[in-house]
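Notes to accompany the following structure.
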2 protein chains.
Amino acid sequence: MEAKRRPGRSRKTEVGEVRTLERGLHLLEVLSEAETLSLSELARRTELSPSTTYRLLETLRRRGFVDWDEGKGLWKVGLRAYQVGSAFLTRGGLIEAAMPEMEKLVDELNETVNLAVLDGNEVIYIAQVEGRQLIRMFTRIGARAPIYCTGVGKALLMEHSEAEVRRIVGAGPFKPYTAKTITTLEGFLETLKEARQRRYVLDDEEREDGVRCIAAPIHDNRGKVVASMSLSAPTTRVPDERLPALGARIRQAADAVSIRLGWSPHLTPG
Amino acid sequence: MEAKRRPGRSRKTEVGEVRTLERGLHLLEVLSEAETLSLSELARRTELSPSTTYRLLETLRRRGFVDWDEGKGLWKVGLRAYQVGSAFLTRGGLIEAAMPEMEKLVDELNETVNLAVLDGNEVIYIAQVEGRQLIRMFTRIGARAPIYCTGVGKALLMEHSEAEVRRIVGAGPFKPYTAKTITTLEGFLETLKEARQRRYVLDDEEREDGVRCIAAPIHDNRGKVVASMSLSAPTTRVPDERLPALGARIRQAADAVSIRLGWSPHLTPG
DNA sequence: CGCTGTTTTGCATCTATTGAAAAATATCGG
DNA sequence: CCGATATTTTTCAATAGATGCAAAACAGCG
């Protein structure tokens with residue numbers, strides 16, 4: 001029921017919108033996306049006045065959430081932010097469950113393995129184990145990427161209904177990153193459908209030329225897809241003939257994580 | 001130099017003290033120390049009114065810095081906090097420089113290796129590679145511990161002057177954790193002095209019964225100690241006769257990290 | 001030097017944040 | 001099932017305190 005309220009004028013501020021805090025958090029976010037920024041640049045990007053930016057940063061600094069490089073006059077994310085953020089790891093147990101399997105994969109195949117979750121209409125990489133190859137991947141923990149052109153993204157959505165997929169990724173067309181990027185919703189849905197049978201999915205140079213990813217979804221104890229795991233490697237090291245074996249391996253690793261989370265194979269309906 | 005200021009009346013609020021933001025950050029900190037907390041418990045611990053706590057948490061939640069478990073009514077640190085905090089890793093390069101050496105150590109010795117930095121009068125563990133032994137260590141990333149009874153703590157201070165050490169750890173007596181904990185400043189200074197010759201330092205069941213740690217300092221390009229690295233293991237696996245060899249190995253690993261950071265061995269004065 | 005851009009401080013304004021209190025909602029013991 | 005307690009959420013009015021402006025300090029540069 002609606003509470004009586006001054007007529008003609010709805011509330012200005014939604015509940016749970018504390019502007020000062022939002023601004024501070026936004027500063028942190030912007031700062032975390034760039035390696036390092038000057039105050040004026042931060043003020044520009046957050047559209048805050050320099051004075052406000054200064055005071056908020058100063059507050060963040062006192063608490064150790066950002067650091068200030070005296071010499072260069074640049075701001076960086078601080079130790080306390082790292083410390084606080086690390087608490088996320090000891091939470092659901094997802095990362096703890098996944099790391100050992102990821103490490104096994106890397107030991108065995110010597111390619112970089114990533115773990116990602118859904119965040120709005122993007123994926124976020126939340127853990128990574130790097131292969132010892134010279135060629136390293138570009139992604140890093142905390143980085144975001146589109147859903148439609150990444151292995152992890154596809155794996156996250158492959159068990160969703162068409163309606164849900166449409167709601168999440170939109171109707172398209174999608175921005176192409178390479179010549180092979182799937183740019184239409186129809187094409188994307190088609191790929192997901194195929195992948196569903198195999199229970200793993202391929203990103204074939206759709207995000208980055210020369211890079212293939214093989215990915216599979218991870219389920220929690222109630223069968224819901226909560227994350228996905230992918231192996232990324234230069235196309236030359238993932239020829240078509242290896243796909244079935246590699247796919248099966250990734251799928252098996254992802255299932256192993258799911259099982260650690262309490263999932264039973266029969267939980268996922270066909 | 002001090003800026004001129006209206007005489008007689010000092011400012012109420014220091015520059016860079018934005019209360020709302022401070023409160024929000026404090027909530028994050030408190031939340032990160034406990035796995036998970038209820039709103040009322042958070043309100044108690046932060047000494048904020050429930051309403052304020054509620055609104056700040058709601059703001060943090062909207063931004064993804066905390067999550068709310070609908071079922072249990074408990075709050076946890078969220079993905080965005082993790083994401084933002086992860087940016088710390090790609091910063092100074094300390095962790096990037098240290099991880100490979102830490103992994104080598106673990107491969108070789110199969111014991112847990114930690115990396116820590118100084119934060120006020122405590123150490124903070126900022127990275128860890130676990131051995132594959134059944135017995136695991138208790139510490140985790142982001143955890144804090146006292147300086148005077150940890151290997152990493154001693155290593156961080158072993159090159160400081162007596163005055164600096166006193167300033168940082170205080171005059172004592174220190175709280176004992178085990179029968180072997182060093183509880184006096186004099187004892188602590190003595191240990192540091194001895195360690196200085198060897199360039200590695202021992203925590204001999206001073207924090208936890210049955211656990212020994214061997215630690216060494218890491219220097220940056222200007223010779224300043226910026227971190228320390230330790231190997232932790234059950235005392236039974238670190239008998240006295242192995243100490244010299246293990247100590248030398250840790251020292252060598254720490255030096256290797258220092259070198260990656262641009263340190264030259266002759267930079268540290270005798 | 002003076003010029004340009006950035007960071008920092010002072011101050012008056014006014015809004016966004018706050019606590020109290022009440023309302024809704026959950027928890028629990030019987 | 002029902003009161004009794006504890007917790008979470010909303011409303012509301014008062015005002016502390018966050019804000020932007022403007023000016024000052026500061027740094028870089030030709």
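- For the pair B:E58 CD and C:dA16 P, the computed distance is 19 Å after rounding to whole Å.
- Put simply, B:S40 has no side-chain N or O that comes within less than 4.0 Å of OP1 or OP2 on D:dA6.
- Between the side chain of A:S51 and the base of D:dC21 there is at least one donor-acceptor pair of N/O atoms closer than 3.5 Å.
- For B:S161 and B:E164, the side-chain atoms include at least one donor-acceptor pair closer than 3.5 Å.
- Ranked by how close their nearest DNA chain C nucleotide is to the 5' end, A:R44 and B:E47 are led by A:R44.
- A:R23 places its CZ atom 10 Å from the C1' atom of C:dA16, with the value rounded to the nearest Å.
- Both tests hold for B:R207 against B:Y177: distance to the six-membered ring centre under 6.0 Å, angle to the ring axis within 45°.
- Rounded to whole Å, the distance from CZ on B:R19 to C1' on C:dT15 is 14 Å.
- Using the six-membered ring where Trp is involved, A:F88 and B:Y82 have ring planes that are parallel, under 30° apart on the 30 and 60° scheme.
- The distance between atom CG of B:L56 and atom C1' of D:dT9, rounded to the nearest whole Å, is 14 Å.
- Atom P of nucleotide C:dT18 and atom CD of A:E17 are separated by 14 Å, given to the nearest angstrom.
- Phosphate contact (OP1/OP2 of C:dT18, side-chain N/O of B:S49, threshold under 4.0 Å): absent.
- Rounded to whole Å, atom C1' of C:dT17 lies 15 Å from atom CG of B:L57.
- Put simply, A:T20 has a side-chain N or O that comes within less than 4.0 Å of OP1 or OP2 on C:dT17.
- Ranking D:dG20, D:dT19, C:dT9 by closeness to the A:Y54 side chain, first place goes to C:dT9.
- Side chains of A:Q83 and A:S86: no donor on one and acceptor on the other come within 3.5 Å.
- Distance, B:L48 CG to D:dT7 P: 17 Å, rounded to whole Å.
- Aromatic ring pairs are classed by plane angle as parallel below 30°, tilted from 30° to 60° and perpendicular above 60°; the pair A:Y148 and A:F174 is parallel.
- For A:R55 against D:dG17, no side-chain N or O and base N or O form a donor-acceptor pair under 3.5 Å.
- Along DNA chain C, the nucleotide nearest to A:W68 and the one nearest to A:L21 differ in position, and the one closer to the 5' end is contacted by A:W68.
- Distance from the side chain of A:L39 is smallest for C:dT7 among the nucleotides D:dT9, C:dT18, C:dT7.
- Summarising the geometry, the separation between CD on A:E22 and C1' on D:dA18 is reported as 15 Å, rounded to the nearest angstrom.
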